[in-house]
Amino acid sequence: MKIATWNVNSIKARLPIVLQWLRDFQPDVLLVQEIKTTRESFPYLEMEDLGYNIAVHGQKSYNGVAIFSKFPLEDILYGIPGEPEETQARYIEAVTHGVRVMSVYVPHGREIRSPYFQYKLDFLQHLKNHVEHQLSFEEKLVLGGDFNVTPSIHDVHGGAQETGKLHCSIPERLALKSLTNMGLIDAVRERHPIGTKSGSALYSWWDYRSGGWQQNKGMRIDMLYLSPQAADCLGEAGIDIQPRSLPKASDHAPVWCELLP
DNA sequence: ATGTCCACATTTTGTGGA
């Protein structure tokens, strides 16, 4: 079973690229972020034509997350339970083919010393509380999405020089670490370890500005985190950078892993 | 400060967000 996560930066602007990638790569499950539209305006028909069942937690203009699966979607949660007056659509969860899958779009944070940054840290804490509860069932679980945090200095072009900046600050990395310390496995890092050729300069996002893509100045901020029960089934994992090279590309590339039967 | 891309609206140019 192939599971992928992709921040598409508008599902409507990206429709041809996403459809082509689904046809080429054939993921069983795709966790989508930043659809930037409501459920009413979501292009269901095109996705359903490719054999996907769809669950959408949408929002006008901003954010918005979705789950595509070749298998039926059950136990769908729209938003994190108990979210504090959450109006932003940043989380959706479902069970499909015996795996609990979660698509999350962690807030950007804007600037370190801004209320938006604290909102980001609070969101990660709230996400942790929910994931901790779901992990207690000791089942296959995949938490995927755009975390807007680099896990370590090895996940950002510039390395240690970036430490302290947005996406690379100590509080952000501690908040992410506190989430993953519950026993989650970073699928791509597991298969492409730090210190190996395939594990270096491994990015999932490149700035549209300043030739980020052309110079491979990127960050790895999109991850697939696996529960121990899912990690036991991990096959290959990677980042498909091909769609980032296309005209009208998203600034993120799809991140994928394989769960063996 | 800059760069680029997306959605939206007091829309053909500007604004907010990333």
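Values below: every heavy atom of this structure, side chains too, minus hydrogens, waters and symmetry copies. Predicted, not measured: the structure shown is a model, and the values here were computed from it.
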If you group Ile, Leu, Val, Met, Phe, Trp and Tyr whenever their side-chain heavy atoms sit less than 4.5 Å apart, what else falls in with [X]?
X        : value
A:Met47  : A:Trp6, A:Val8, A:Ile11, A:Leu15, A:Ile17, A:Val18, A:Leu19, A:Trp21, A:Leu22, A:Phe25, A:Leu30, A:Val32, A:Ile35, A:Phe42, A:Tyr44, A:Leu50, A:Tyr52, A:Ile54, A:Val56, A:Phe68, A:Leu246, A:Trp256
A:Tyr116 : none
A:Ile194 : none

Using atom [atom1] of each nucleotide, how far apart are [N] and [M] to the nearest Å?
N      : M      : atom1 : value
B:dA7  : B:dT2  : P     : 24 Å
B:dG16 : B:dT10 : P     : 13 Å
B:dA1  : B:dC6  : P     : 25 Å

Which residues share a side chain to side chain donor-acceptor pair (under 3.5 Å) with A:Arg39, sequence neighbours left out: none
Taking only residues at least two apart or on different chains, which pairs with a member in residues 152-200 of chain A satisfy ring pair (Phe, Tyr, Trp, His ring centres under 6.0 Å)? A:His108-A:His167
Separation of B:dC6 P from A:Gln59 CD (nearest whole Å): 19 Å
Which whole-number value in Å describes the distance from A:Gln214 CD to B:dT4 P? 11 Å
Residues at least two apart in sequence or cross-chain that pass side chain to side chain contact (heavy atoms under 4.5 Å, CB included) with A:Asp251, listed by chain then number, are A:Asn9, A:Trp205, A:Tyr208, A:Arg244
Taking only side-chain nitrogens and oxygens of A:Arg14, does any of them come within less than 4.0 Å of OP1 or OP2 of B:dC6? yes
Salt-bridge contact A:Arg220-A:Asp186 (side-chain N to carboxylate O under 4.0 Å): yes
Could you run through DNA chain B and flag its stems, i.e. three or more consecutive Watson-Crick or G-U pairs with both distances under 3.5 Å? B:4-9 with B:13-18
One character per nucleotide, please: for nucleotides 8-18 of chain B, 5' to 3', B when the base has a protein heavy atom closer than 4.0 Å, S when only the sugar-phosphate does, - otherwise. SS-------SB
Sequence neighbours excluded - salt bridge (charged side-chain N to carboxylate O under 4.0 Å, His left out) pairs with any residue from residues 119-145 of chain A: A:Lys120-A:Glu172
